[in-house]
Amino acid sequence: MQPPVKPPEELSPVGAPRSRVRAMPPSPSLSPPAKAPSHSHAKTPSMPPAERPALPPTKAPAAISPATPPQLSPAKAHSTHHHAKPPSLPPAEPPVPSPSPEHPPRHSPSKPPAYAPAKPPTALRPAIPPAAMPKPPSVAPVQPPQRPPAPATKPPPSFPPQLAPTMPPPAHAPAETPAPPTTPPALPPATTAPSPKNSSSSPPPPCTGGGGGISNVFDVRAFGATGNGSSADGDTRAFRAAWKAACSAESATVLVPSDGVFTITSTIFAGPCKPGLTFQIDGVLMPPDGPASWPAADGRRQWIVFYRADGMTLSGKGTIEGNGEEWWNLPCKPHRGPNGSTLPGPCESPALIKFVASSDVSVQGLRMENSPQFHLKFDGCSRVLVDGLVVSSPASSPNTDGVHVENTSSVRILNSRISNGDDCVSIGGGCSGVRVENVTCVHGHGISIGGLGARGARACVSNVTVRGARVVDSDNGVRIKTWQGGAGSVSGVVFDAVQMVNVRGCIVIDQYYCDAHGGAGAGCANQTAAVRVDGVAYRGIRGTYNPRGGGGAPVRFACSDTVACTGITMTDVELLPAGGGDEGGGASAGAKLADPYCWNAYGVMETLTQPPVHCLQEGRPESLQDQLASC
């Protein structure tokens, strides 16, 4: 339908091709056709029929055409339409545009003379076969402009040019063909020929040729994973092959399907990979069950590591099951030896998921549970997002931090619920620009910065904000902990709008942190050096503390003798003793407020607090040992 609209201006080009056509037929027909086009262009309504009869007398075929110009012209149109459909049926359609006969007659005279001898019964019929048969390759490209220029009443001629839209199919064909070649290298390991047949729906291999923003899906089952929960070796090989294939394709997805339980051994998924890589866990993914099932050749400090996985997303609706119970019960774990003792000896246990040296990574919507040690860990990373994470482990599970970051910058931990046996969120040395928002922590040790400075190490942490968190039935609420003998500093920390529910120690700075569960029981020696703590703000910290939990004061600032805590501000803090100790319980009506504890802590109450923290010293100490606290 477009040809009729635009071609009117292209009539002159149409004439040119037709004059060229006239050169082809015998000389007797050259002059009449020349007049027909010019006269027809000048006067389309009536003149063409008058001149058509004059031309036919010269030739028998021409005489036949005047007798039946309207009917024969349909046949002409049929010829042009024949490019798209069978030659016989279309003639019925061309008769409808009666005004078009003008152009068909003059077009037929130009071409028929040469072909007329081929079929004497009707001069137009011979003209039709040549137009249909030889012209598709050559005339079709020339006529597309010519056919449109004819009056809009000539849609049939315009369609043949658009039948050349056979061109689009070739365009699609090339698009499909390149895709397979690019992906085959990755596909062979995953699937065989049947998968390419379902390239649109088939999971990994066919999709690997993708583009245009469509992700390529690499289903681990297509690479040989069984998902029966017991084929660790086969599943491990399949996961590694799927990762290798996906890593080399843009916008790829390694898919762990929802209908399987997959067991893999310790694996490092290494990059760098093409942009847009997603590791999607919709089923259950777990390590071997306990230390006895752990392969002797595998290290015991990590299970899955993503190394240099820039731009990667770990997500899904499934579960990462840690099978950590046997690890928690090792006699080297706190109070797990005979009669509640803690025995010496190696006590390595694997973290579930670890990102190393990766940037622009995100973990979204996953559920992780029962890790042997840390659930999710980031080391040496930047621009990290954790959103919608659910962590679930027993309160008695040791060292099962929910999210741990160290040597990492620009971190956001959002909208998550973490229930575990250690720190809900732990922020180690070398971190800056960390935001924790809308996170709920249940039992465990709350949100912690540290421990920092172990074994005399220098540790620096800055610009940390915890906002809108909720801490329930935990040993600690918000805490900063440092070892004696360390160096470095913690600065620029804000705890804002944090709700406490039945928490033992709600606000804690502890520069005498000592985790002596390693064995000898000698504890930690007193040392003068310490990590400096400066510029910590507590705003809108409200809720209840557990006065019967043995935690002492709800607010505790135990700072180093030689390196004082400075720049502490308290605003709108209200902590009352819990009544029933349940998650929704309020404050006890008759309970006495416990006094805060301060040691060498400097700061100010900007508003009245409950309980009042009068133990804070004003100003700043004279000696801060800044040389030990620089970062």
Side-chain angles (χ1 to χ4, degrees), residues 229-230 232 261 263-267 284-296 298-305 319-354 366-377 379 389-404 406 416-426 428 440-448 450-451 454 471-476 479 481 504 513-521 549-550:
S230 60
V261 177
T263 301
I264 67 172
T265 59
S266 180
T267 299
V284 176
L285 181 60
M286 61 186 187
D289 189 6
S293 303
W294 203 262
D298 291 351
R300 295 196 170 198
R301 306 187 70 173
Q302 56 199 27
W303 176 46
I304 289 180
V305 177
T319 299
I320 299 177
E321 167 59 54
N323 292 331
E325 186 174 359
E326 296 299 324
W327 297 93
W328 306 332
N329 292 328
L330 290 173
C332 60
K333 293 298 175 77
H335 313 297
R336 298 302 173 100
N339 301 319
S341 63
T342 299
L343 299 181
C347 204
E348 293 178 345
S349 300
L352 270 188
I353 303 293
K354 184 177 181 181
L366 275 179
R367 179 181 179 86
M368 306 176 69
E369 55 188 33
N370 302 321
S371 175
Q373 202 213 33
F374 292 3
H375 286 81
L376 179 61
K377 186 174 183 179
D379 188 358
L389 177 69
V390 176
V391 172
S392 178
S393 293
S396 60
S397 57
N399 306 120
T400 53
D401 292 31
V403 180
H404 175 79
E406 61 184 55
S416 299
R417 180 181 175 88
I418 299 172
S419 176
N420 62 336
D422 209 303
D423 292 335
C424 171
V425 175
S426 56
T440 297
C441 305
V442 181
H443 46 70
H445 299 165
I447 298 173
S448 298
V471 185
V472 180
D473 295 334
S474 298
D475 288 344
N476 301 288
R479 175 173 60 156
K481 51 182 179 178
R504 291 172 59 193
Y513 178 71
C514 178
D515 184 1
H517 296 308

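Everything numeric here is computed off the predicted structure, so don't read it as measured data. These values consider heavy atoms only, across backbone and side chains, with no hydrogens, waters or symmetry-generated copies.
- Judged purely by atom type and a 3.5 angstrom limit, Ser371 has no side-chain atom pairing as donor or acceptor with the backbone of Ala351.
- With hydrogens and angles disregarded, a donor-acceptor distance shorter than 3.5 Å links the side chain of Ser397 to the backbone of Pro394.
- Side-chain contact between Trp328 and Asn370 is present, with heavy atoms from C-beta onward closer than 4.5 Å.
- Counting only heavy atoms from C-beta outward, the side chains of Lys333 and Thr342 never approach each other to under 4.5 Å.
- Residues Pro398 and Asp422 are not in side-chain contact: their nearest non-hydrogen atoms beyond the backbone lie 4.5 Å or more apart.
- Atom CD of Glu325 sits in a sparse spot, with 12 or fewer heavy atoms from other residues, nucleotides or ligands closer than 6.0 Å.
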Report task. May I have the step-by-step check of side-chain contact (heavy atoms from CB on, under 4.5 Å) for Val425 and Ile418, ending in yes or no? Result -> CA-CA 8 Å; Val425 175; Ile418 299 172; 4.2 Å; yes
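- When each of Ile304, Leu376, Ile320 is tested with Leu352 by the rule side-chain contact (heavy atoms from CB on, under 4.5 Å), just one qualifies, namely Ile320.
- Of all non-hydrogen atoms in Gln302 and Trp294, the two that sit nearest each other are O-CZ2, 3.8 Å.
- When only modelled atom types and interatomic distance are considered, His445 and Asn476 share no side-chain donor-acceptor pair under 3.5 Å.
- Closest of all the heavy-atom pairs between Pro288 and Thr263 is N-CG2, 4.1 Å.
- Contact of the Asn323 side chain with the Pro287 side chain is registered, since non-hydrogen atoms from C-beta on lie closer than 4.5 Å.
- Residues Ile264 and Trp303 have side chains in contact (heavy-atom distance under 4.5 Å, counting atoms from C-beta outward).
- With Ser474 contributing its side chain and His443 its backbone, the two residues share a donor-acceptor pair below 3.5 Å.
- The backbone N or O of Asn420 lies less than 3.5 Å from no partner atom in the side chain of Ser393, so there is not a single donor-acceptor pair.
- The SG atom of Cys424 sits 5.5 Å away from atom CD1 of Ile447, with the distance rounded to the nearest 0.5 Å.
- Judged purely by atom type and a 3.5 angstrom limit, Arg300 uses its side chain to pair as donor or acceptor with the backbone of Pro291.
- For the pair Glu321/Leu285, no side-chain contact is recorded, criterion being any heavy-atom separation below 4.5 Å from C-beta on.
- A donor-acceptor contact closer than 3.5 angstrom links the side chains of Ser426 and His404.
- Ser448 is linked by a side-chain hydrogen bond (donor to acceptor under 3.5 Å, both in side chains) to Asp423, Arg479, counting only residues two or more places apart in sequence or in another chain.
- Looking at Pro350 and Phe374, their side chains never come closer than 4.5 Å, going by heavy atoms from C-beta outward.
- Annotation: the span from Cys441 atom SG to Asp473 atom CG amounts to 12.0 Å, rounded to 0.5 Å.
- With no hydrogens or angles considered, no side-chain donor-acceptor pair links His375 and Thr400 at under 3.5 Å.
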Report task. I would like to know whether Ile353 and Lys377 meet side-chain contact (heavy atoms from CB on, under 4.5 Å); could you show each step before the answer? Result -> CA-CA 6 Å; Ile353 303 293; Lys377 186 174 183 179; over 6 Å; no
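- The heavy-atom pair separating Ser349 from Leu330 by the smallest distance is OG-CD1, 4.4 Å.
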Requested in this report: Kindly indicate, with the supporting measurements, whether the criterion side-chain contact (heavy atoms from CB on, under 4.5 Å) is fulfilled by Glu369 and Val391.
Outcome: CA-CA 5 Å; Glu369 55 188 33; Val391 172; over 6 Å; no
